[in-house]
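As the structure lists them, so they are numbered: ligands from 1, and atoms in each ligand from 1. As the structure is a prediction and not an experimental result, all values here were calculated from the model.
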Amino acid sequence: MKNKNLVSITDFTKEEYLRILELAAEFEKNPRQEILNGFVISTLFFEPSTRTRLSFETAINGLGGRVIGFSDSGATSASKGETLHDTIKMVSNYADLIVMRHPLEGSARLASEVSSVPIVNAGDGANQHPTQTLLDMYSILKTQGTLKNLKIFMVGDLKYGRTVHSLLQAMSEFNTTFYFISPDELKMPATYKLHLDKMGLEYYEGGDLTEFLHEADILYMTRVQQERFTDPIEYERVKNAYILRNKMLEGTKDTMKILHPLPRVNEIHTDVDASPHAYYFNQARNGVFVRMAILSSILGIK
Ligand code: CP
């Protein structure tokens with residue numbers, strides 16, 4: 001994986017996913033290692049973030065590396081009209097690897113084409129969020145003991161949700177059965193369903209969250225993302241489509257876990273937080289170890 005870009009989850013092979021998960025488990029056991037000593041990593045966040053930026057920076061600090069970057073592009077020369085092309089050209093003079101989040105789909109691919117150092121996509125619009133996917137897979141493996149033959153329910157904004165797009169592609173390598181639960185306006189795009197057809201995988205689509213929930217191994221909830229809507233009336237119509245409550249979990253498998261990339265708004269009621277099914281805060285913690293694994297692999301240290 002040395003010097004590879006991670007723009008789309010499909011930039012890595014199945015063997016590479018598994019290697020990252022194995023390394024993440026090693027980092028979880030031993031998170032303080034000075035292996036990034038002398039490395040500078042840039043975190044460029046053109047769009048808001050709490051978990052992704054801070055878990056990357058925690059991972060870099062924990063491994064003894066240094067961080068440069070920004071969390072508000074309004075305070076950079078982008079606000080004076082500097083293009084993404086030029087910003088990336090400049091920053092690749094200063095850092096050994098660039099982690100970037102940007103609101104435009106395709107921006108991370110463009111960055112990878114102009115950068116002289118590897119680019120890790122920390123989310124590009126509604127397109128991809130591959131490091132989230134790797135931490136989701138790590139969370140699935142830790143809680144289910146396997147990645148194979150699972151039933152994964154994806155709920156909420158499946159149209160604009162970059163996390164579900166990346167996760168679908170990666171988990172399609174492991175004979176997953178998918179259940180897509182969304183309002184009609186936010187259905188999983190056809191391109192991802194075609195991918196499943198080509199892989200010979202089964203999927204179900206519907207609007208009722210509870211009907212088949214007893215079959216789920218993983219319930220992957222997502223936020224309806226106000227920032228992706230061009231029509232505020234459409235957002236108002238769908239924003240409360242799904243609100244998961246603790247009483248809805250009766251009859252589900254004991255081993256079933258609820259994941260959510262977070263932040264949540266109201267799609268998981270706080271009465272679920274104390275449930276043994278709730279795993280979303282642990283999932284976010286797993287991000288630190290997975291990001292340690294990604295950085296050390298791409299930098300050729302592990
Ligand atoms: N899951 C995720 O991407 O969270 P942030 O937007 O807080 O980084």
Side-chain angles (χ1 to χ4, degrees), residues 6-9 20-21 24 41-62 67 69-74 97-105 107-108 111 119-140 142-143 152 154-171 186 218-229 235 239 242 244 257-268 272-273 278-295:
L6 178 53
V7 170
S8 161
I9 193 67
I20 293 287
L21 305 190
I41 293 159
S42 180
T43 55
L44 308 183
F45 278 69
F46 293 86
E47 197 184 61
S49 167
T50 298
R51 277 146 293 275
T52 309
R53 186 174 69 82
L54 294 181
S55 63
F56 262 115
E57 295 187 359
T58 304
I60 297 162
N61 288 323
V67 184
F70 53 80
S71 57
D72 174 9
S73 63
L97 182 150
I98 297 171
V99 177
M100 185 183 87
R101 172 172 289 186
H102 197 283
L104 290 181
E105 285 98 67
S107 53
I119 297 287
V120 173
N121 180 6
D124 62 328
N127 186 32
Q128 285 271 322
H129 195 350
T131 70
Q132 177 72 43
T133 295
L134 288 162
L135 80 87
D136 293 342
M137 292 171 84
Y138 185 62
S139 302
I140 293 170
K142 265 178 79 173
T143 60
I152 299 186
M154 294 179 163
V155 180
D157 180 358
L158 308 185
K159 179 178 177 185
Y160 299 113
R162 58 194 175 198
T163 61
V164 288
H165 300 160
S166 302
L167 185 61
L168 176 150
Q169 287 178 307
M171 288 304 296
L186 297 176
I218 294 291
L219 173 56
Y220 196 97
M221 298 294 296
T222 65
R223 172 175 68 98
V224 177
Q225 302 172 91
Q226 185 172 11
E227 65 273 28
R228 308 274 177 238
F229 284 78
Y235 172 70
K239 69 177 186 185
Y242 299 102
L244 184 69
K257 293 294 176 199
I258 303 161
L259 303 186
H260 190 312
L262 303 177
R264 73 171 152 187
V265 180
N266 63 350
E267 59 281 358
I268 301 179
V272 177
D273 293 358
Y279 194 74
Y280 27 93
F281 295 121
N282 310 62
Q283 177 190 359
R285 180 174 178 273
N286 290 336
V288 174
F289 314 120
V290 171
R291 287 172 172 130
M292 285 177 167
I294 292 166
L295 293 171

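- The salt bridge (charged side-chain N to carboxylate O under 4.0 Å, His left out) test applied to Arg162 returns Glu47, not counting sequence neighbours.
- Side-chain atoms of Arg291 and Leu135, non-hydrogen and from C-beta on, do get closer than 4.5 Å to each other.
- Counted by atom type alone, Asp136 and Gln132 present one or more donor-acceptor pairs between their side chains at under 3.5 Å.
- Side chain of Ser166 to main chain of His129: a donor-acceptor pair is present (N/O by atom type, distance under 3.5 Å, no hydrogens or angles).
- In terms of the salt bridge (charged side-chain N to carboxylate O under 4.0 Å, His left out) criterion, residue partners of Arg264 (sequence neighbours excluded) are, by chain and number, Asp273.
- Protein residues are said to neighbour a ligand when one of their heavy atoms lies under 4.0 Å from it; for ligand 1 these are Ser49, Thr50, Arg51, Thr52, Arg101, His129, Gln132, Pro261, Leu262.
- Lys159 is linked by a salt bridge (charged side-chain N to carboxylate O under 4.0 Å, His left out) to nothing, counting only residues two or more places apart in sequence or in another chain.
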